[in-house]
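The next block holds one structure in the form of structure tokens; read it before the comments.
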Amino acid sequence: MTDSALTGASPDGGGLRERKRIATKLAIITAARILTAERGFSGYTVEELCEEVGISRRTFFNYFPAKEDAVLGSPADEIPADLAEEFIARGAGSKPGAVSSSLLADFVDFAAAVMDRMVMSRDQMASLKLAVAAEPRLLERVLYGSREAEAAFAVILSAREGLAVADPRIQAALAVFTALTQRAGAAFFDPGNTRPYRSILTEAVNAVHEVVASSTPLTDPSSKDPS
């Protein structure tokens with residue numbers, strides 16, 4: 001998958017415009033999250049957010065219909081295209097129709113690199129979590145954002161492994177990776193944590209690998225000859 005495919009940009013001059021669009025969008029998201037962490041969701045206005053980013057109110061509404069949308073962000077845009085490209089490229093040598101043997105290791109590298117790109121500090125993220133938890137409107141929409149993020153990563157997994165998004169192996173990997181990153185993220189952002197994110201995620205991935213590797217594959221009862 002090319003950078004254009006990941007971002008929706010055209011291969012001509014539209015690519016530069018698309019990168020600028022995403023950069024502005026991410027700047028709005030970051031500022032909205034930092035202000036929410038510092039002041040609470042109701043502690044600032046759209047005008048103050050626009051002033052923080054250096055954009056007009058009209059520009060803001062070209063990107064987001066409301067302030068809560070900016071806080072929740074756009075999961076698909078928040079996956080760095082270069083990291084996604086590298087993750088996909090690492091699976092190029094796998095056998096057609098098979099899951100690549102380096103998928104788990106490459107996933108850890110990918111997730112850790114995405115975490116390293118975060119602009120917000122751990123303290124700001126912890127404050128943001130509390131602010132969102134105190135705001136019912138945001139809590140109701142977090143689940144939708146999670147589904148959108150999963151759908152975006154499913155496309156990346158599909159491109160890497162050369163398997164359809166609906167393939168049970170892609171869906172299984174997506175479910176496992178989602179659970180692992182949620183647990184690792186919660187542990188990493190815990191106020192008492194002193195361990196790096198990569199270490200926490202690696203431990204979790206290795207535990208899953210040990211459980212699965214020691215298990216015997218199951219036989220589908222419905223595939224047996226009824227006679």
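Hydrogens, waters and symmetry mates play no part in the numbers below; they use all other heavy atoms, side chains included. What you are looking at is a predicted structure, and each value in this text was computed from that prediction instead of being measured.
Nearest heavy atom pair, residue Ala111 against residue Leu201, reads CB-CD2, 3.5 Å. Of all heavy-atom pairs spanning Lys67 and Val46, the tightest one is CB-CG2, 4.2 Å. Taking each heavy atom of Thr36 and Ala32 in turn, the nearest pair found is OG1-O, 2.7 Å. A pairwise comparison of heavy atoms in Ala98 and Arg169 identifies CA-NH1, 4.2 Å as the closest pair. The heavy-atom pair separating Val53 from Ala27 by the smallest distance is CG2-O, 3.9 Å. Between Tyr44 and Arg39, the shortest heavy-atom contact is CB-NH1, 3.6 Å.
In this model, no donor atom of one side chain and acceptor atom of the other lie less than 3.5 Å apart for Thr202 and Ser199.
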Evaluate side-chain contact (heavy atoms from CB on, under 4.5 Å) for Asp167 paired with Gln171, printing each intermediate quantity in order.
CA-CA 6 Å; Asp167 188 289; Gln171 291 301 310; over 6 Å; no
Step by step, would you call Glu18 with Arg21 a salt bridge (charged side-chain N to carboxylate O under 4.0 Å, His left out)?
CA-CA 5 Å; Glu18 181 66 12; Arg21 183 194 69 81; 2.7 Å; yes
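Here the CG-CD1 distance, from Leu72 to Ile29, works out to 9.5 Å after rounding to the nearest 0.5 Å. Interatomic distance, CZ of Arg160 versus CG of Leu157, reported as 8.0 Å (0.5 Å rounding). Here Arg33 contributes atom CZ and Glu38 contributes atom CD; the two are 14.5 Å apart, rounded to the nearest 0.5 Å. Here the straight-line distance linking atom CD1 of Ile170 with atom CD1 of Ile156 works out to 11.5 Å at 0.5 Å rounding. Distance check, rounded to the nearest 0.5 Å: CD1 of Ile28 to CD1 of Ile55 gives 3.5 Å. Here the straight-line distance linking atom CG of Leu163 with atom OG of Ser158 works out to 7.0 Å at 0.5 Å rounding.
Applying the side-chain hydrogen bond (donor to acceptor under 3.5 Å, both in side chains) test to Ser101 and every residue at least two apart in sequence or in another chain returns nothing. The ring-ring contact (aromatic ring centres under 6.0 Å, His included) test applied to Phe41 returns no partner, not counting sequence neighbours. In this structure Asn193 satisfies the side chain to side chain contact (heavy atoms under 4.5 Å, CB included) test together with Arg122, Phe188, Asp190, Arg195, Ile200, sequence neighbours excluded. The side-chain hydrogen bond (donor to acceptor under 3.5 Å, both in side chains) check on Arg57 picks up Glu47, with sequence neighbours excluded. For Arg90, the side-chain hydrogen bond (donor to acceptor under 3.5 Å, both in side chains) test picks out Glu86, Asp106, Asp109, with sequence neighbours left out.
The side-chain heavy atoms of Leu16 and Arg19, taken from C-beta on, include a pair separated by under 4.5 Å. Counting heavy atoms from C-beta outward, Glu161 and Ile88 have side chains that stay 4.5 Å or more apart. At least one side-chain heavy atom of Phe87 sits under 4.5 Å from a side-chain heavy atom of Leu103.
The main-chain N or O of Ala105 is never found under 3.5 Å from a side-chain atom of Ser102 such that the two would form a donor-acceptor pair. With Asn206 contributing its side chain and Glu203 its backbone, the two residues share no donor-acceptor pair below 3.5 Å. Side-chain atoms of Ser94 never come within 3.5 Å of backbone atoms of Val99 as a donor-acceptor pair (strictly under, hydrogens ignored). Using modelled atom types, one side-chain atom of Thr30 and one backbone atom of Leu26 make a donor-acceptor pair closer than 3.5 Å.
Phe110 and Phe153 have their aromatic ring centers within a separation under 6.0 angstrom.
Shown here is Glu51, whose CD atom has no more than 12 heavy atoms of other residues, nucleotides or ligands within 6.0 Å.
Grouping the Ile, Leu, Val, Met, Phe, Trp and Tyr side chains by contacts below 4.5 angstrom, directly or via other members, places Val165 apart from Ile79.
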Distance-only check: which donor-acceptor pairs under 3.5 Å involve side-chain atoms of residues 174-187, not counting sequence neighbours?
{"from": "Thr178", "atom 1": "OG1", "to": "Leu174", "atom 2": "O", "distance (Å)": "2.7"}
{"from": "Thr181", "atom 1": "OG1", "to": "Phe177", "atom 2": "O", "distance (Å)": "2.9"}
{"from": "Thr181", "atom 1": "OG1", "to": "Thr178", "atom 2": "O", "distance (Å)": "3.0"}

